[in-house]
Amino acid sequence: MDIELARTFLAVAETGSFLEAAKRVHVAQSTVSLRIRALEQQLGRSLFDRSKTGAALTEAGRHFQRHAQTLARTWMQAKLDAALPAGMETVLAVGAPSSLWDGFLTGALPGLRRAFPEVAVRASAMASDVLVQLFGQGGLDLMVAYRPQAAAGLAVEQLFEDEFVLVSSDPDTSTDPFGTEYVLVDWGPEFRADHLLVLPDIRTPGLQLDIGTLALQHLRNVPASAYFPKRLVAADLRAGWLRRIEGAPRFGYSAYAVISEGQRGEYAGQAVQFLRQYALGGGTAEQDEAVGGV
C-alpha cells in the first residue's frame, strides 16, 4: 500500500475534515478525496462517514487506524535508518550491551568519529539476546559482545579481557559487602549466570540496577557495594573514594568485536582495528588521541 494513503487517512482521522487534512499533507482537497476513495477500494470497506460537519471514522476505520499508525511509524524509522547526513558516505551501525559502552565504547566513540569523519555512526545499547538477534538480521554492522557464538561468515576478533571486581564506597571496612547495601548490577546473562553459580547463598539484594553508570552514581551517594568492570572504576579506586573488596570472587570475560567476513576491508573492519588499538592502549581518553589517526 502507498504510504501516502496511510498518511492521508491519519490526517483525516485526526482533523475530522478533508479540508484540514489537505492542509496538513500539503495537497488539494480533491487529492485527499481521491486517496481516501482509493484506500477504501483496496480495503473493500468504508473508512469514514462523510457529512457537512466533517468526516468521522467508521468501525472499520477505527480498526484500520492503529495499523495505519504502525505503517507510518515504520516508514519514518526506515527513512531515518536509510538516510545519510550531509557530507557522509555511509552509516556504521554499532551495537553492544551497556556494560561494554560504559567505560570503553563511550570513550572510543570520539576518536572513531575523528578517524572516519565521512562515516555516520548509529550506536545502540541493548541486551545481549536482542543484540545477537539484530546483528543476525543485518541491523548492525559491528557488534561488541562477550562470548559471541562463532558462525560461518563471521569475523570475530578479541579486543580485551574484562575483569569484574567487587568494590565498596563504605569507609567502614567491617561492613559485610554482601549485606543490605549490596547492589546487584545486571551486567548481562553471562554475569548473571556466574554470579548465581558462585554466590548462591547471598540474600536477594534490595536494589538491582541494569545501568552501570547509574549504579556507580548510587555508590557515590550511599555507602554500598557492587560489582563493576575494573577498567570502569580504576580511576575511582586510585582517587580513594572506592575500595576494592579483597578476597571476593572475581568474574572474567573476553570482549570481542564481530562483523561479517565480507566487511573486513570496509569501514566495519577498519573500525574493529581502531577498537583493538584503543583497547591495547588501555581504553583511556589519552589513548583516544594516540589512535585517532588510524
Side-chain angles (χ1 to χ4, degrees), residues 1-98 119-143 145 149 151-154 189 210-211 258-260 262-263 266-268:
M1 185 188 73
D2 187 341
I3 192 65
E4 291 302 326
L5 299 186
R7 290 181 62 249
T8 304
F9 165 84
L10 290 172
V12 176
E14 290 165 7
T15 63
S17 163
F18 277 51
L19 178 60
E20 292 303 316
K23 295 177 182 177
R24 180 172 293 191
V25 296
H26 308 293
V27 296
Q29 183 177 350
S30 58
T31 301
V32 171
S33 298
L34 288 172
R35 288 179 179 177
I36 297 302
R37 190 175 301 117
L39 183 57
E40 289 176 327
Q41 289 175 350
Q42 289 182 23
L43 296 174
R45 301 288 297 276
S46 176
L47 300 175
F48 293 100
D49 286 324
R50 286 102 161 149
S51 69
K52 292 182 179 180
T53 58
L57 286 168
T58 63
E59 182 178 358
R62 286 191 294 273
H63 285 301
F64 179 70
Q65 186 175 23
R66 63 177 182 271
H67 298 294
Q69 290 169 339
T70 299
L71 285 169
R73 284 196 300 268
T74 301
W75 173 248
M76 288 303 297
Q77 186 59 53
K79 286 179 66 178
L80 286 172
D81 288 347
L84 274 177
M88 298 293 176
E89 294 181 3
T90 188
V91 174
L92 181 68
V94 182
S98 60
V119 178
V121 177
R122 187 171 68 245
S124 302
M126 60 193 73
S128 297
D129 54 345
V130 179
L131 183 71
V132 171
Q133 181 180 15
L134 185 60
F135 182 81
Q137 294 171 346
L140 293 173
D141 301 302
L142 168 60
M143 174 176 69
Q149 296 293 320
L154 296 184
D210 60 2
I211 303 176
V258 185
I259 60 173
S260 67
Q263 289 186 302
E266 300 179 6
Y267 282 119

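None of the values given here were measured: they were computed from a predicted structure.
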### Task
Assess whether side chain to side chain contact (heavy atoms under 4.5 Å, CB included) is satisfied between E4 and V27, documenting all intermediate values.
CA-CA 11 Å; E4 291 302 326; V27 296; over 6 Å; no

### Query
Mind checking what makes side chain to side chain donor-acceptor pair (under 3.5 Å) contact with S30, not counting sequence neighbours?
none

### Query
Are T53 and S51 linked by a side-chain donor-acceptor pair shorter than 3.5 Å?
yes

### Task
Kindly give the heavy-atom pair with the smallest separation between Q263 and D141, and that separation in Å.
OE1-O, 3.3 Å

### Message
Testing the basics here: between M88 and A120, what is the closest heavy-atom pair and its distance to 0.1 Å?
### Response
SD-N, 3.7 Å

### Task
State, yes or no, whether a side-chain contact exists between L134 and M126 at a heavy-atom distance under 4.5 Å.
yes

### Summary
Rounded to the nearest 0.5 angstrom, the CG-CD distance for L92 and E266 is 10.5 Å

### Message
Less than 4.5 Å apart, side chain to side chain, heavy atoms only: is that true for E89 and V119?
### Response
no

### Task
Report the relative orientation of the aromatic rings in F9 and F64; use parallel for angles under 30°, tilted for 30 to 60°, perpendicular for over 60°.
perpendicular

#### Entry: Shortest non-hydrogen contact from I259 toward A268
CG2-CB, 3.9 Å

### Query
Hey, does Q65 have a side-chain heavy atom less than 4.5 Å from the side chain of L57?
yes

### Task
Go through the structure and list residues passing salt bridge (charged side-chain N to carboxylate O under 4.0 Å, His left out) with R50, not counting sequence neighbours.
E40

### Summary
Output for pair (L19 CG, K23 NZ), nearest 0.5 Å, gives 5.0 Å

### Query
Looking only at heavy atoms, which two atoms of L140 and G95 are closest? And how far apart?
CD2-N, 3.8 Å

### Task
Not counting sequence neighbours, which residues clear salt bridge (charged side-chain N to carboxylate O under 4.0 Å, His left out) with R24? List them please.
E14

### Message
With a 4.0 Å cut-off on N to O distance, would you call R62 and E59 a salt bridge?
### Response
no

### Query
Which atom names give the shortest non-hydrogen contact between G139 and A93, and what distance separates them?
O-CB, 3.7 Å

### Query
What are the two closest non-hydrogen atoms of S260 and F135, and how far apart are they?
N-CZ, 4.2 Å

